[in-house]
Each structure stands twice: as C-alpha cells, then as structure tokens.
Amino acid sequence: MLRILFVLTDLVAPLICGYFLKEHHLLSQRVNDLLIRLNIICINTLLSLLAFWVLPLDSGLLIAPLFGCFLVLFPGLVGYALFARRLRSPLDRGAYMGSAFLSNIGTLGGVCAFILYNEQGFAYAQLIATIQNFLLCIVVFPLAQYYHAQATHAARQTSRLTSLRQMFLSPNQLCILGMAAGLALNAAGVARPAALGTLFESLVHLGAWSAMLPVGFFIDLRTTRRYLPHIHSLTALRFLITPATALALASLLVSDSILRHTILILAFAPTAINAVLSARLYRLNVNLPAASFLVTTAAYLLIIFPLLFFLLR
C-alpha cells in the first residue's frame, strides 16, 4: 500500500521541482539536456539489463511487442480518422498526430508498472516502450516531416543513409543492448545476485527523477491554458477509446495477469514528451502537444493511476 506514495515522491515531486528550477532560472537548458541523456543512455540501459535478467521466459515476450505496436498505431489511426482530419493547418494536424501516436509508456508507465508488479512489470513496460521508440523513428518522424513540408511547400533534403544511421545507430538505443544482455544471462541460467535487486529499486527512483525533472522544465502553464479547448479529443483517446479496446484484446489474448494488467496501465498512459520534442524538431505547433502532455499527465498521476492501483493490486 505504501508504494502508492511513489506517485508523489517519484513522479509528481520531480515534475514540480523541474518547473520550479526553470521558473527561478536555477537550471540551464544544457544541464537539463544532460539529465535527459543520462537517463536514456545510462540508467535505462542498466534497468533494462537487470529487469530482463529475471523476466520469465514465456509467451509474454512474444505478445508484448504486438501490444507495443497496437498502443502506438491504434490511437494514431483513430485520432486521424476521427479528429485530426478536421484541423485546417498542417502544422496543427502534424502536432495532433504525434500526440495521438505517442504515450509515456517508457518512463511514467514503467515506474507505475514497477510500483504494482516489481521488475516483471517494469520489464514488460520497457519491451513495449522499445517498440514505440522504433515506430517513433519510422512512423512519427516521417509524418511530422510530411506535415511540415505540406505547410511550407518544401521538402526536407536529408540523405537517406544519414537518416538510417541516426535512426538505428544512436546512443539512445543502448537500452536494447541492456535488454539483450539481460535475456542472455537469463537464458543461460545465471542467477542475478540479490544485491542487484536492491540496486534495481534504487535505480528506478533515480531514473524517475532524471526523467521527470527535465519534463517539468518544459512545462509552460501560460501557453497551456490557451490550448485546453483543443485537447478534449486527445483526452478521450488516451483515457477512454484506447484503454477500452486494449482491455478487450488483452482479455482475449493474454493469460498472464501481470502482463495483462501492465498493458492496461500502459494503455491509459498520457501523451509523451516525445510528442512535444518531435513537434519542436519539425517546427509544428508545439503548444498543442505541450498542452495535451500537461493535462493528461496531471490526470494520470492524480486520478487514473491511483484508481488503477487499488483496482489491480
């Protein structure tokens, strides 16, 4: 029961801290970027290795990636069919599509899965998040580029070879090597030392702070207020349409209760900060995904996950 406090200490507190540091000019953009890279390259890689070292080697390893594809493609396609097509500006449509495709299943979802299901829940969340990272590169980025070109009537001139190298040979993908190393040790029957279990729990808390504090740095409450009327459909997509469909599919296809419940936790996950970053990278309307990120994250932390905690524990 005390683990519910992790929502405040590991998720809400670093968000508030990051916002406070930015507003009082106590944290620079350079240090904030270093924190992001520390989390992605170092902490996530170690966490993936330790989690996959003890993950049960069963059918869940095959089913989880399928739901990783579903949790990205389904809300994106539904968002386009029902909502995004109505937006007049290509810059708005591109930003909306990024917000529909991408949810915070890696950092926020991973910590919430750990709170309920320890290393096993965290490992499933990271496996599903890896699929989202792959689709971010091959689906979301090209779409963002397309909408920017549509708005400016220009094509982005980039070498295909360079694009492929940046997509698949990036330090940001090191967590995949951590997963592979953990699975190799697991399959070889090497027992994970007990001390590493304690290290894992400490790294989860450190990883939550190094991931959520930089996110708090990006929050802009003044801009968010102006875009609240435009994100009702994204809220419905995140908290009604996607979870209901995911629950129906998981009930039919997944027998492992931990994997099934982890999928449900991730299906409710709010808009990802990567939706904001991709909009900024391709010069789309950054304010729309930023507003969606802030509103859905606040709802998830304060309402959705506490309810899931008491229903699924």
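None of the values given here were measured: they were computed from a predicted structure. We number each residue from 1, following the sequence as shown.
With values rounded to the nearest 0.5 angstrom, D256 atom CG is found 8.5 Å from I63 atom CD1. Atom-to-atom distance recorded for N274:CG and L136:CG is 5.5 Å, nearest 0.5 angstrom. Interatomic distance, M97 CE to L284 CG, rounded to the nearest 0.5 Å: 11.5 Å. Rounding to the nearest 0.5 angstrom, the gap separating the NE2 atom in H261 from the CZ atom in R313 is 13.0 Å. Interatomic distance, L46 CG to I41 CD1, rounded to the nearest 0.5 Å: 12.0 Å. Taking CZ from R192 and CG from L199, the interatomic distance works out to 9.0 Å, rounded to the nearest 0.5 Å.
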Taking it one step at a time, do L213 and L27 satisfy side-chain contact (heavy atoms from CB on, under 4.5 Å)? CA-CA 10 Å; L213 190 147; L27 182 68; 3.7 Å; yes
If you apply the rule side-chain contact (heavy atoms from CB on, under 4.5 Å), what do you find for V204 with F6, and how did you get there? CA-CA 10 Å; V204 167; F6 289 165; over 6 Å; no
Verdict with supporting geometry, Y300 and C112, side-chain contact (heavy atoms from CB on, under 4.5 Å): CA-CA 10 Å; Y300 186 85; C112 290; 3.7 Å; yes
Can you list the steps and then say if Q29 with N32 is a side-chain contact (heavy atoms from CB on, under 4.5 Å)? CA-CA 5 Å; Q29 181 66 59; N32 195 61; 4.0 Å; yes
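Minimum heavy-atom separation, P289 to A279: CG-CB, 3.9 Å. When all heavy atoms are compared, the tightest approach of V111 to A208 is CG2-CB, 3.9 Å. Taking every heavy atom of both residues into account, P14 and T9 meet most closely at CD-O, 3.7 Å. When all heavy atoms of E119 and G197 are compared, the pair lying nearest together is OE2-CA, 4.3 Å. Shown here for R93 and Q150, the closest heavy-atom pair between the two residues is NH2-OE1, 3.0 Å. Heavy-atom minimum distance, A246 versus L71: CB-CD2, 4.3 Å.
Inter-residue side-chain proximity for I43 and L206 is flagged as met; some heavy-atom pair is nearer than 4.5 Å. You'll find the side chain of I128 reaches within 4.5 Å of the side chain of I263, heavy atoms only. For the pair I115/F305, a side-chain contact is recorded, criterion being any heavy-atom separation below 4.5 Å from C-beta on. Using a 4.5 Å cut-off on side-chain heavy atoms (C-beta onward), S278 and F141 make contact. With contacts defined as side-chain heavy-atom distances shorter than 4.5 Å, the pair F83/Y96 qualifies. Between T296 and I304 the shortest side-chain heavy-atom distance does not fall below 4.5 Å. Counting heavy atoms from C-beta outward, Y147 and L91 have side chains that stay 4.5 Å or more apart. Side-chain atoms of L57 and L183, non-hydrogen and from C-beta on, do get closer than 4.5 Å to each other.
When atom types are taken as modelled, the side chain of Q132 and the backbone of S103 share a donor-acceptor pair closer than 3.5 angstrom. The backbone N or O of Q120 sits nowhere less than 3.5 Å from a side-chain atom of N118 that would complete a donor-acceptor pair. Not one N or O on the side chain of H148 forms a donor-acceptor pair closer than 3.5 Å with the backbone of A144. Using a distance-only test at 3.5 Å, with no hydrogens or angles considered, no donor-acceptor pair links the side chain of D10 to the main chain of W209. With hydrogens and angles ignored, the 3.5 Å screen pairs no side-chain donor or acceptor of R37 with any backbone N or O of D33. Between the side chain of S292 and the backbone N or O of L288, no donor-acceptor pair lies under 3.5 Å. Side chain of N186 to main chain of L55: a donor-acceptor pair is present (N/O by atom type, distance under 3.5 Å, no hydrogens or angles). One N or O on the side chain of R238 and one on the backbone of S99 form a donor-acceptor pair closer than 3.5 Å. Looking only at distances, a side-chain donor or acceptor of N39 sits under 3.5 Å from a matching main-chain atom of G207. Side-chain atoms of W53 never come within 3.5 Å of backbone atoms of S48 as a donor-acceptor pair (strictly under, hydrogens ignored).
When the shell of 6.0 Å around CZ of F309 is examined, it contains more than 12 heavy atoms from other residues, nucleotides or ligands.
Tracing side-chain contacts under 4.5 Å through hydrophobic residues (I, L, V, M, F, W, Y), one reaches I16 starting from V295; they form part of the same cluster. L196 and L49 fall within the same hydrophobic cluster, defined by Ile, Leu, Val, Met, Phe, Trp and Tyr side-chain heavy atoms under 4.5 Å apart, directly or through other members. Hydrophobic clustering, with ILVMFWY side chains joined whenever heavy atoms are under 4.5 angstrom apart, groups I265 together with L8. Linking ILVMFWY residues whenever their side-chain heavy atoms come closer than 4.5 Å, directly or via other members, leaves F217 and L34 in distinct clusters. Hydrophobic cluster membership differs between L249 and L62, with clusters built from Ile, Leu, Val, Met, Phe, Trp and Tyr side chains linked at under 4.5 angstrom.
Ring centroids of F200 and F122 are separated by less than 6.0 Å, placing the two rings close together. Ring centroids of Y117 and Y124 are separated by 6.0 Å or more, keeping the two rings apart.
Screening L301, I273, L266 for a side chain to side chain contact (heavy atoms under 4.5 Å, CB included) with L108, the sole residue that qualifies is L301.
Classified by interplanar angle (parallel below 30°, tilted 30° to 60°, perpendicular above 60°), the ring pair F114/H205 is perpendicular.
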Taking only distance into account, with no hydrogens and no angle test, what donor-acceptor pairs under 3.5 Å do side-chain atoms of residues 73-80 form with protein atoms, sequence neighbours excluded?
none

